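No experiment lies behind these values; they were computed from the predicted model shown. The analysis underlying the following values was restricted to heavy atoms, covering all of them including side chains, and did not include hydrogens, waters or symmetry mates.
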Amino acid sequence: MFKNILVVLDPNQEQQKALARALHIARLQPARLTLFLSIYDFAYEMTTMLSGEEREQMRQGLVSEREQWMRGILEQYAAEQHQVDFLVQWHHRPFEAIIRTAVEGDYDLIIKGTRKHDTLQSVIFTPTDWHLLRKAPQPVLLVKDHDWPQHSSVLAAVNAGSDSEVHQQLNNKILKAAGYISKKLNSHLHLVNCYPGAPASIAVEIPEFDTHQYQLNVREHHENALAEVARHAEVEFSGLHLREGIPDDEIPRVADELDAELVVLGTIGRTGITAALLGNTAEHVIEQLNCDLLAVKPEGFKSPVVN
């Protein structure tokens, strides 16, 4: 399923989690890997007194230095006979370089290591991870600190109760990816769906409103919808999990209970004011997960970076 993989390295980390995961996938199925690094030295902007040729030599020197570093990193991981390419791009916005490269090179998976961001930093700056979740049309695998053992658990998170065609197509993509990976890992595949509780304000504003019956009806609707999604999936599940609450909280909670190695979910890719008002579930989930996250986009998603 993932035959052409773009692996984003982190020059500030000794352990290259994305590379380790990519090599693991390449051992499970044939795959071509491209190790990618976006670099930019702002000192370059201060070299206007140099000639154009000298500036280009400086830039090429920095690129060559990083290419050698990447080859050294690959040797440390004792990579088997996998097809591995190296690509260093000079770009001051890493996420744009990653997405443009992924689209132009027709890659079908982006793998990047991640870590929990400082709260203040997350408010002031938007991390590259978040840009990729919002704007990359390819599936994005964000890797944390652990292995992918056999016979573990993979959790697919769907929006089963939605009648939207976009969400239904997205559910299918989530199940296809989660089913494929769980089969390769001989893992137990689980399915989770969350549904909202009754707003407390309703009981206050409308005293005769039966919140208990309302909740029973909502739960029954989502329970039937979840069973229907599972019934039409071309994979077998070890468990179906229906949770009352917001996905941001419940998906990580179920993942912890299962000790999942991977969570697969969909992201609509909201940007701008819509993202600010409604948020992006994948962004909130990744901060709370202790395992990897694979985020997939709807069919026909157009990245604002390349359009």
Is there a donor-acceptor pair closer than 3.5 Å between any side-chain N or O of [X] and the backbone N or O of [Y]?
X	Y	answer
Asn193	Leu242	no
Asp147	Pro149	no
His167	Asp163	no
Arg100	Val305	yes
Gln16	Ile73	no
Ser64	Gly61	no
Ser187	Leu189	no
Glu299	Leu170	no
Lys297	Ala136	yes
Lys144	Leu289	yes

I need the minimum non-hydrogen distance between [X] and [Y], along with the two atoms involved.
X	Y	result
Val143	Ala18	CG2-CA, 4.4 Å
Pro247	Cys194	CA-SG, 3.8 Å
Pro94	Ser38	CA-OG, 3.6 Å
Ser238	His190	CB-NE2, 3.8 Å
Pro139	Phe2	CG-CE2, 4.3 Å

field: Evaluation steps, side-chain contact (heavy atoms from CB on, under 4.5 Å), between Val88 and Phe36
entry: CA-CA 6 Å; Val88 179; Phe36 179 84; over 6 Å; no

First locate atom [atom1] of [X], then atom [atom2] of [Y], and finally report the distance between them rounded to the nearest 0.5 Å.
X	Y	atom1	atom2	value
Thr114	Leu142	OG1	CG	5.5 Å
Lys135	Ile98	NZ	CD1	12.0 Å
Asp85	Ile5	CG	CD1	12.5 Å
Glu244	Arg219	CD	CZ	8.0 Å
Gln138	Phe301	CD	CZ	10.0 Å
Ile39	Leu62	CD1	CG	5.5 Å

- request: Any chance you could lay out the salt bridge (Lys or Arg N to Asp or Glu O under 4.0 Å) test for Glu236 and Lys183, step after step, and finish with the verdict?
  value: CA-CA 10 Å; Glu236 294 184 4; Lys183 184 176 181 179; over 6 Å; no

With [X] via side-chain hydrogen bond (donor to acceptor under 3.5 Å, both in side chains) - residues at least two apart:
X	result
Glu223	none
Glu234	none
Glu261	His146
Gln68	none

field: salt bridge (Lys or Arg N to Asp or Glu O under 4.0 Å) evaluation trace for Lys3 with Asp108
entry: CA-CA 7 Å; Lys3 299 179 180 179; Asp108 44 37; over 6 Å; no

Do [X] and [Y] sit in one hydrophobic cluster, given that two such residues count as connected whenever their side-chain heavy atoms are within less than 4.5 Å of each other, even indirectly?
X	Y	result
Leu226	Leu216	no
Ile246	Val192	no
Leu132	Leu87	yes
Leu28	Leu19	yes

message: Using ring-ring contact (aromatic ring centres under 6.0 Å, His included), reason through His188 and His151 one step at a time and then give a plain yes or no.
response: CA-CA 6 Å; His188 305 287; His151 310 296; 7.2 Å; no

field: Contact check, side chains of Tyr180 and Lys184, non-hydrogen atoms, under 4.5 Å
entry: yes

statement: Hits for ring-ring contact (aromatic ring centres under 6.0 Å, His included) against His222, two or more places apart or cross-chain, chain-then-number order -> Tyr195

- request: Begin from the C-alpha positions of Thr101 and Gln89 and carry the test side chain to side chain donor-acceptor pair (under 3.5 Å) through to its verdict.
  value: CA-CA 9 Å; Thr101 299; Gln89 274 203 7; 3.0 Å; yes

field: With Glu67 via salt bridge (charged side-chain N to carboxylate O under 4.0 Å, His left out) - residues at least two apart
entry: none

- line: Only one of Leu294, Leu141, Leu33, Leu9 passes side-chain contact (heavy atoms from CB on, under 4.5 Å) with Ile111, and that residue is Leu141

message: Students often mix this up, so state it plainly: with edges at 30° and 60°, are the rings of Phe95 and His131 parallel, tilted or perpendicular?
response: parallel

field: Residue Gln29 excluded, over 12 heavy atoms near CD under 6.0 Å
entry: yes

